[in-house]
Amino acid sequence: MTLDELSAYFAGELSLGERELGRFRRYLDLLEEWNGRMNLTAVRERGEMVEKHLLDSLLATRALKGTEFRTAIDIGTGPGFPGLVLSILMGDVRWTLLDATRKKCDFLLAVKQELGLTNVEVVNARAETLPKEKWDLATARAFSSLPMLLELAAPLLTVGGHLLAMKGPKGEQELLLSAKAMKELGVSHVSTFKESLPGGEGERMNILLRKCARTPRKYPREFALIKAKPL
Ligand code: SAH
């Protein structure tokens, strides 16, 4: 898929003009350049990058339609999916791009600078060490199991804030297994958006959740414990 085809795919839905497409082009140029030196993504073919990274990230906007947020954090953003892609589209939202790996943050900083993204802050840290109740929205793609993500994300959100968990075909099953974690953390399910990447490239499930109450202070627990004994 080309960038023009991407723009046509979202015609009438998203305004992907020259400004956005130019930034996407430069972003992918940098991703290709840096990928030669360090392994940022296994997806190496340009058309595939557009589809599996840009288009997939942009599908998040369907699940987020009607949800209001001024601050957003992408947890485990890696090379910037979906957070960096969405930050290009949502200039009035302050985006925090969070990743525990230094080299990924170095890449994100280079992209931020090259593209002049003033609404983006890159943070090299672990989710469990961040300040609480600071963000209206948290997103995460290909991050961890849903109960683990819930425990890491819920404390970061303001009450009434949303979490968008971007999952594959097993998303629904994970949601069923997360009932206990959701109850314990005061999070409820809002909606699930099922999407298919064009050309049979995969089924996606974007799950929107809402933090309804303050998170008990004992969360998040230490990462080793979250992992060993998920909620
Ligand atoms: N969201 C990206 C990357 C997914 S890979 C995509 O969809 O392509 C998961 C990323 O999460 C890795 O880059 C890893 O460094 C980061 N990560 C793992 N545990 C983390 C934690 N506790 N806090 C912050 N980042 C974490």
Side-chain angles (χ1 to χ4, degrees), residues 24 27-28 30-32 34-35 37-46 48-61 63-64 72-88 95-112 120-132 134-135 137-157 163-171 174 181 185 195 197 201-207 215 219-231:
F24 286 158
Y27 178 22
L28 294 188
L30 287 165
L31 185 56
E32 277 179 3
W34 282 62
N35 221 17
R37 283 184 268 144
M38 53 177 75
N39 188 24
L40 289 168
T41 170
V43 177
R44 283 170 187 274
E45 201 260 316
R46 185 80 171 207
E48 216 182 328
M49 283 185 178
V50 172
E51 205 166 303
K52 293 199 172 146
H53 290 326
L54 300 188
L55 186 146
D56 190 29
S57 294
L58 290 171
L59 286 173
T61 57
L64 293 172
I73 181 165
D74 190 26
I75 301 175
T77 189
F81 307 120
L84 196 118
V85 180
L86 295 175
S87 77
I88 290 174
W95 276 91
T96 302
L97 305 181
L98 176 75
D99 205 281
T101 306
R102 165 54 64 77
K103 68 173 189 177
K104 294 186 181 167
C105 292
D106 289 343
F107 168 70
L108 294 167
L109 277 172
V111 178
K112 172 188 152 100
V120 166
E121 188 187 1
V122 177
V123 176
N124 179 208
R126 298 190 61 86
E128 55 276 27
T129 66
L130 293 193
K132 310 287 183 279
K134 281 207 19 173
W135 290 272
L137 173 72
T139 55
R141 185 185 84 157
F143 182 69
S144 69
S145 70
L146 192 53
M148 281 173 68
L149 171 60
L150 281 162
E151 182 167 348
L152 290 171
L156 305 179
L157 292 172
L163 166 65
L164 181 68
M166 302 179 72
K167 295 284 181 183
K170 294 200 177 120
E174 280 194 56
L185 296 161
E195 307 282 357
L197 291 183
E201 286 289 348
E203 297 298 315
R204 316 288 302 145
M205 248 173 236
N206 292 336
I207 304 174
T215 313
Y219 300 116
R221 297 166 294 162
E222 268 180 47
F223 190 75
L225 209 57
I226 298 177
K227 207 171 167 191
K229 288 183 185 255
L231 286 173

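First listed ligand is number 1; within each ligand, the first listed atom is number 1. Numbers here simply count residues along the sequence, with the first being 1. As the structure is a computational prediction, the values presented were derived from the model and not from experiment.
The nearest protein atom to atom 9 (C) of ligand 1, hydrogens excluded, is given as A142 O, 3.7 Å; this is a heavy-atom distance. Of all protein heavy atoms, the one closest to atom 20 (C) of ligand 1 is F143 CE1, 3.6 Å. The protein heavy atom nearest to atom 2 (C) of ligand 1 is T77 O, 3.3 Å. With respect to atom 7 (O) of ligand 1, the closest heavy atom belonging to the protein is R141 NE, 2.6 Å. Scanning the protein heavy atoms around atom 14 (C) of ligand 1, the nearest turns out to be D99 OD1, 3.6 Å.
Checking D99 against T77 by side-chain atom types alone, no donor-acceptor pair falls below 3.5 Å.
When only interatomic distances are considered, the shortest N/O to N/O separation between A127 and ligand 1 falls below 3.5 Å. For the pair G76 and ligand 1, the shortest N or O to N or O distance falls below 3.5 Å. Geometrically, ligand 1 and F81 share a nitrogen or oxygen pair separated by less than 3.5 Å. For ligand 1, the polar-atom distance check against A100 finds a nitrogen or oxygen pair separated by under 3.5 Å.
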Step by step, work out the side-chain contact (heavy atoms from CB on, under 4.5 Å) result for L137 and I73. CA-CA 6 Å; L137 173 72; I73 181 165; over 6 Å; no
The test is side-chain contact (heavy atoms from CB on, under 4.5 Å); show your working for V43 and H53 and say whether it passes. CA-CA 9 Å; V43 177; H53 290 326; 3.8 Å; yes
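Residues E45 and E32 are not in side-chain contact: their nearest non-hydrogen atoms beyond the backbone lie 4.5 Å or more apart. Within the 4.5 Å cutoff, the side chain of F24 has heavy atoms near those of the I88 side chain. Between T139 and I75, the closest side-chain pair of non-hydrogen atoms is not below 4.5 Å.
Residue I75 does not touch ligand 1, judged by heavy-atom distances below 4.0 Å. Counting heavy atoms closer than 4.0 Å to ligand 1, residue S144 contributes nothing at all. If you look at M166 next to ligand 1, there are no close heavy atoms at all, none under 4.0 Å. Residue-level proximity to ligand 1 for H53 is absent, since no heavy atom of it falls below 4.0 angstrom.
With ligand atoms numbered from 1 in the order given, ligand 1 contributes 22 (N) to contacts under 4.0 Å with heavy atoms of E128. Interface of K104 with ligand 1, defined as ligand atoms under 4.0 Å from a residue heavy atom, comprises 12 (C), 13 (O).
Between the side chain of T101 and the main chain of K103, no donor-acceptor pair closer than 3.5 Å is present.
Heavy atoms of A125 approach ligand 1 to within less than 4.0 angstrom.
Checked against P220 for a side chain to side chain contact (heavy atoms under 4.5 Å, CB included), the options M148, K132, R126 give a single hit: K132.
A salt bridge does not link E174 to K170: none of the charged side-chain nitrogens sits closer than 4.0 Å to a carboxylate oxygen.
Below 30°, between 30° and 60°, or above 60°: for F107 and W34 the angle between ring planes is above 60°, a perpendicular geometry.
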